[in-house]
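Below is one structure, written out as structure tokens; comments come after it.
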Amino acid sequence: MNNEDALLQIQSIPEKICNQLSPSDNEAMDVAFKALEKQIPMNPVLGKDGVSNIMICPTCGNSIGYGNKNHDKYCQSCGQALNIGEILL
């Protein structure tokens, strides 16, 4: 099972079951869900900083670098997995 399949499986848990969980269990499920979401790579947003093209994290909005080969696979601010390979300018 990959991350996307696991995310779909978690999303399909009926509300009836979630309503039977304790508040701390619901909170733990929310934290786990958000962490799993960040493991699915997203394309960065391309923006302009006035001089050159810049890539921006689609989750937190922080700058993740310029269109070159020196980039990270994850946002250093929020941990979002990034799909930069096809985006390089």
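Predicted model only: the values in this text are computed from it and were never measured.
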Connected via hydrophobic side-chain network under 4.5 Å: I64 and L46: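 Cluster IDs for I64 and L46 match.
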Please check if M42 and I40 belong to a single hydrophobic cluster, counting links between Ile, Leu, Val, Met, Phe, Trp and Tyr side chain heavy atoms closer than 4.5 Å.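 Shared cluster, no.
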Indicate the atoms forming the closest heavy-atom contact of N83 with P44, along with that distance.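 For N83 versus P44, the nearest heavy atoms are O-CD, 3.6 Å.
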How close do F33 and L7 get, counting heavy atoms only, and between which atoms?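 So the minimum-distance heavy-atom pair works out to CE1-CD1, 3.2 Å.
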Would you say [X] and [Y] make side-chain contact, with heavy atoms under 4.5 Å?
X: L82; Y: P41; value: no
X: N43; Y: P58; value: no
X: C57; Y: S77; value: no
X: K38; Y: C78; value: yes

Would you give the length of the straight line joining atom CE of M29 to atom CG of L36, rounded to the nearest 0.5 angstrom?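 M29 atom CE to L36 atom CG measures 11.0 Å (nearest 0.5 Å).
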CD of Q20 to CG of N26: how many Å apart, nearest 0.5 Å?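 Between atom CD of Q20 and atom CG of N26 there are 10.5 Å.
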